[in-house]
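Only one structure is covered here, and it is reproduced in the block below.
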Amino acid sequence: MIHPSLLTTIQWVALSTLILITIAADNYSSSSSPIFLNCGASTMQLDINNRSWEGDTRSKFASAMNGIAASATYQDPSLPSLVPYMTSRIFISNYTYSFPISPGRIFVRLYFYPVAYGYYASEDAYFGVKTNNLILLDNFNASQTAQAANYAYILREFSLNVTLGSLDLTFFPSTQNGSYAFVNGIEIVPTPDIFTTRTPTHNTEGNLDPSDIDSMTSFQTMYRLNVGGQAIIPQGDSRFYRSWEDDSPYIYGAAFGVTFGKDSNVTITYPGTMPNYTAPADVYATARSMGPNWQINLNYNLTWILSVDAGFYYLLRFHFCEIQYPITKMNQRSFFIYINNQTVQDQMDVIRWSGGIGMATYADYLIVTVGSGQMDLWVALHPDLSSRPQYYDAILNGLEVFKLWDIGKKNLAGLNPPLPPQPKTDVNPKGVSGGGKLKAAVPAAICAVVVLITACFCVCIICRRKKVAKHSGKTDKKCLTYQTELYKSPSNLCRNFTFHEMQIATSSFDETLLLGRGGFGDVYRGEIDNGTTVAIKRSNPLSLQGVHEFQTEIETLSKVRHGHLVSLIGYCQEKNEMILVYEYMARGTLREHLYSTKRPPLPWKERLKICIGAARGLYYLHTGPKETIIHRDVKTANILLDDKWVAKVSDFGLSKVNPDIDATHVSTVVKGTFGYFDPEYFRLKQLTQRSDVFSFGVVLFEILCARPPVNTELPEEQVSLREWALSCKKIGTLGEIIDPYLQGEIAPDCLKKFADCAEQCVADRSIDRPEMGDVLRNLEVALKMQECAENNSKFSEETTSSKTTPDMMTIMDTDKQSTYSTMSITGQRTIFSDMMDPQAR
Ligand SMILES: *[C@@H]1O[C@H](CO)[C@@H](O)[C@H](O)[C@H]1NC(C)=O
Ligand SMILES: *[C@@H]1O[C@H](CO)[C@@H](O)[C@H](O)[C@H]1NC(C)=O
Ligand SMILES: *[C@@H]1O[C@H](CO)[C@@H](O)[C@H](O)[C@H]1NC(C)=O
Ligand SMILES: *[C@@H]1O[C@H](CO)[C@@H](O)[C@H](O)[C@H]1NC(C)=O
Ligand SMILES: *[C@@H]1O[C@H](CO)[C@@H](O)[C@H](O)[C@H]1NC(C)=O
Ligand SMILES: *[C@@H]1O[C@H](CO)[C@@H](O)[C@H](O)[C@H]1NC(C)=O
Ligand SMILES: *[C@@H]1O[C@H](CO)[C@@H](O)[C@H](O)[C@H]1NC(C)=O
Ligand SMILES: *[C@@H]1O[C@H](CO)[C@@H](O)[C@H](O)[C@H]1NC(C)=O
Ligand SMILES: *[C@@H]1O[C@H](CO)[C@@H](O)[C@H](O)[C@H]1NC(C)=O
Ligand SMILES: *[C@@H]1O[C@H](CO)[C@@H](O)[C@H](O)[C@H]1NC(C)=O
């Protein structure tokens, strides 16, 4: 046992090395084969790696199932595979899966994709997972963990030694009201003993007794890095389906050293009794060294920083292999290994340890950390000159970090990681409190200026920061602390359906399932995956759209994901068929809730929220994705509502992607709908984002007045909604033409803000129109004015400046929205149909 006094400082010990390690030979129970359980699914399905996942409905591992099967309401584009992430099992009370397993060591991998599952919001997932005698996760907030790591999904890997002949995995919701537990997939892979090392040889003056890692110790994988190489996906390490990630995101500072691969005439070999499953040859075949310049090397440490949970033991396994000539002999390269600024190894000479070039070896070190919460683990290498080596350099090929079962606590669970600071929290206090303090001291006029300047300053900083973050988005994403899996497969973003599947989904395109007809073809309601309702758009064989265009469109659409855009689930391209599968929007188009309808009129606030939602979607199209997208056909029939009244913009499929970031316009064939056209579009044949703004302005008037943009049955001056509304606004009679149902319901300042905004949008010249971001801000201000009026609180300028700024920040946070805001969108069955009202086209 470990003496408690040792817990006061960070301790380490070199546990083992290569050659003399007697690891049980490659001889382990193959009688138990891997288990892949797709929770919440009822049938067998293949994942992206062709591993076959069994559904847990009526599975022999899941007896007396009391959990609820649910499907994710949103498919994040970064999901590596639909199986097992898109279905989940939800538990509102304790539930235990029971897996019969022959005794021995196993990997248990738990897959979590925190999004809304029907009525279960992602924020309410708060739970624990335990085995027969060990808590793996406790008070686990999957959504927070994913958010902190800037990841959409979480994979947790544990290594356990099962002795009882079975493994029970219990999911238990936390005691907090409304909490539930969930899991998307459970993977169990038997392994030989790859951890415990029985005869440590290079054990320097260690303070921890190596026997503390006994054969029963449980581990959680924190990091598994292929240093100097690329990510290795599970089937690249097919024995145990481990994934290895690229180490570069974890390197400290700009001192990256150099990466290199093995010389072609070098073969990776596993010397002596070292099993070849210790790590795949690909890990040893690439490496990072400090670089060719010895003077530079002496002046820096090659450092990795890995965030871990404090208060646990960690096993760090360093994989080494010399792979390039001329380093073939001892004492050519010798270096220090530091962990948390302490020397754990001096005179590390890979050739001496391994026996030669191309021969793999590894070294294990055990450390203990104190405290709680998150801490950084520093791993560094530096040349050791004490033996006068030929080169002043260091090398590393792979690094694994495992958290050990804390022997006292029977617990592997850490705390939830803190969320990264939100930009809006910096801005608000600065802008407001700074202003507030000054107010007492200086005249009001100066104060106003100061507040304004402060506000502008903050806005600029935030915008710039946001921009930077956007450009370095890739790196940002990789700065994750908890994730061990980092492979991506863009080809899987969008599902490829077979025509046969489409026939089943729509009962062979049954007319009774027809939702609408349009220029592109027919839209059907369909059902896929045993119960997910979707909208299926089948192209008209005579449609002019070519195959190439169809493919480009799918590529574009599958990249565009946002909570206020109707997302594409998949497509089918077979024979002459071109079919698109979208989310299903339960409440149809906005248009059918406004006029010529039997549906009850929408209250004003609801309408404002819908406008804001649609504006967000358009704003994202204009600024969010890599390329700017111009919708080209913004209209009330293309704004759809889901069952929770969330507005989503649809039918941007035929939009043209702006290929050149600098070009602000696209010349193109006129497409769009009469009544919404940008007049400049006719004159100049130029399409810009502001053409969408124009159409959106018409939509705003349409929502306010509840009439179509063009109605030829009306007297001439009233035919065009835009002209009519503008002339009424000019003479101050706009209040008389608004939807009679809204009379008296709209706060006067809100109406003014809204109408001003609409008027600016439909300005004749595009340069006079605001950008979508400004429209969005104005609408949010209008909503706030309405809310204040309803709460009888006077809406003062002061509250405007303090409240709108953070909103503005939220809007700018498009990166985040694309990944996470959608988590908050609930609704079991969702979305779509752009042509529910064929007349609208
Ligand atoms: C492999 O396992 C069998 C029993 O399962 C045992 O008899 C044999 O000695 C083992 N071989 C090695 C090399 O450990
Ligand atoms: C999965 O199997 C299919 C058909 O057997 C094959 O075409 C595909 O390449 C396989 N994919 C992977 C990742 O192995
Ligand atoms: C569920 O499991 C937790 C954790 O072991 C336990 O504290 C709780 O009492 C269990 N609840 C029920 C109803 O069994
Ligand atoms: C989980 O974290 C999210 C933040 O991502 C938070 O909104 C939510 O309240 C947390 N849930 C619980 C139950 O603490
Ligand atoms: C939990 O819910 C129950 C009933 O719904 C309520 O009486 C209790 O006050 C709630 N507890 C907390 C901590 O919110
Ligand atoms: C698992 O634990 C048992 C009992 O301690 C031990 O005999 C066995 O070697 C262990 N297996 C592995 C793979 O560590
Ligand atoms: C292997 O190739 C390197 C150059 O890539 C060369 O310097 C070395 O001599 C070769 N070694 C053998 C044994 O062929
Ligand atoms: C590992 O070694 C075993 C024999 O010991 C061999 O069957 C297997 O193919 C090797 N695996 C790899 C990836 O080289
Ligand atoms: C290691 O040293 C650096 C400065 O050289 C310091 O910033 C860092 O906090 C130290 N790390 C630990 C774990 O003490
Ligand atoms: C490298 O790290 C060690 C341990 O933290 C420290 O003592 C040493 O000063 C560092 N060297 C350089 C050049 O930063």
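As the structure lists them, so they are numbered: ligands from 1, and atoms in each ligand from 1.
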- Tell me the salt bridge (charged side-chain N to carboxylate O under 4.0 Å, His left out) pairs involving residues 289-308, sequence neighbours left out? none

- Task: May I have all residue pairs that pass salt bridge (charged side-chain N to carboxylate O under 4.0 Å, His left out) and include part of residues 269-292, sequence neighbours excluded?
- Result: Asp247-Arg288

- For ligand 6, which atoms, with element, lie under 4.0 Å from some heavy atom of Arg105? 13 (C), 14 (O)

- Item | Thr163 N/O to ligand 6 N/O under 3.5 Å | no

Modelled atom types, side-chain donor and acceptor of [X] and [Y], under 3.5 Å:
{"X": "Tyr365", "Y": "Gln345", "answer": "yes"}
{"X": "Asn49", "Y": "Ser81", "answer": "no"}
{"X": "Asn331", "Y": "Ser387", "answer": "yes"}

Contact table ligand 10 N or O to protein N or O, d under 3.5 Å:
{"residue": "ligand 10", "atom": "2 (O)", "partner": "Asn301", "partner atom": "ND2", "Å": "2.1"}
{"residue": "ligand 10", "atom": "5 (O)", "partner": "Asn341", "partner atom": "OD1", "Å": "3.1"}
{"residue": "ligand 10", "atom": "11 (N)", "partner": "Asn301", "partner atom": "OD1", "Å": "3.2"}
{"residue": "ligand 10", "atom": "11 (N)", "partner": "Asn301", "partner atom": "ND2", "Å": "3.1"}

- salt bridge (charged side-chain N to carboxylate O under 4.0 Å, His left out) filter on Arg333, not counting sequence neighbours, yields Glu322, Asp393

- Query: Does the ring centre of Tyr250 sit less than 6.0 Å away from the ring centre of Tyr223?
  - Reply: yes

